[in-house]
Amino acid sequence: MIARGIPSSSDIYLEINGKKVAVVQSYSAQSSKTSSVVEAFGETEPVATITGTVQHVLELTRIYATDEAIADGLRFYDLEDFNLVICKPDRRVIYSNCQWSRIGESGTLGACVLEKVTVVAGKRLEVSA
């Protein structure tokens, strides 16, 4: 039996072209799908439903750029078309074609700067670990 570790914050990260550029302390994910009903003339109930588009919105908290990304001049405000990778004990969840929709910063004296970034992803994929 293979022992698998408990995921840590280094197991949630932003990736560009297969390269880890930032780690994320925590996240929350919401996926929604639009659907429509098909009505037939003379029927009192819908005869079918049609699947619409799926949207994935993620809230990322406390994002830290890697030293290499900082040296390369990474700017969160310039990020586009990146992946969010979430490593779980038995699989990896990859949100791809990501764009940020909101970036919030707050800070207090003597504390770390807290970054909150809202991300919209184009696709969600799960792969075995």
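None of the values given here were measured: they were computed from a predicted structure.
L58 CG to W100 CH2: the interatomic distance, rounded to the nearest 0.5 Å, is 15.5 Å. In this structure, OG1 in T61 is found 9.5 Å from CD1 in I12, a value given to the nearest 0.5 Å.
V120 and V85 end up in different hydrophobic clusters when Ile, Leu, Val, Met, Phe, Trp and Tyr side chains are linked at under 4.5 Å. The hydrophobic cluster containing V21 also contains V93, counting ILVMFWY residues as joined when their side-chain heavy atoms lie under 4.5 angstrom apart, directly or transitively. V119 and V57 are members of different hydrophobic clusters when ILVMFWY side chains are connected at heavy-atom separations under 4.5 Å. The same ILVMFWY cluster, assembled from side-chain heavy atoms under 4.5 Å apart, contains both I16 and I86.
Each salt bridge (Lys or Arg N to Asp or Glu O under 4.0 Å) pair with one or both residues in residues 117-129, not counting sequence neighbours, appears once here: R91-E126, R124-E126. For residues 70-80, the set of pairs meeting the side chain to side chain donor-acceptor pair (under 3.5 Å) definition, not counting sequence neighbours, comprises K19-D72, Y77-E105.
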Output a table of donor-acceptor pairs, distance under 3.5 Å, between side-chain atoms of residues 30-45 and any protein atom two or more places apart or on a different chain; print 'none' if there are none.
{"residue": "S31", "atom": "OG", "partner": "H56", "partner atom": "ND1", "Å": "2.7"}
{"residue": "T34", "atom": "OG1", "partner": "T53", "partner atom": "N", "Å": "3.1"}

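In this structure, Y13 and C87 have side chains that are in contact, with non-hydrogen atoms separated by less than 4.5 Å. Considering only heavy atoms from C-beta on, L84 stays 4.5 Å or farther from I94 through its side chain.
Residues forming a side-chain contact (heavy atoms from CB on, under 4.5 Å) with D81 (at least two apart in sequence, or on another chain): N97, Q99. I63 is linked by a side-chain contact (heavy atoms from CB on, under 4.5 Å) to L14, A22, V24, L60, F76, V117, counting only residues two or more places apart in sequence or in another chain. Q55 meets the side chain to side chain donor-acceptor pair (under 3.5 Å) test with no other residue; sequence neighbours excluded. Partners of T118 according to the side chain to side chain donor-acceptor pair (under 3.5 Å) rule, which considers only residues two or more places apart in sequence or in another chain, are E59.
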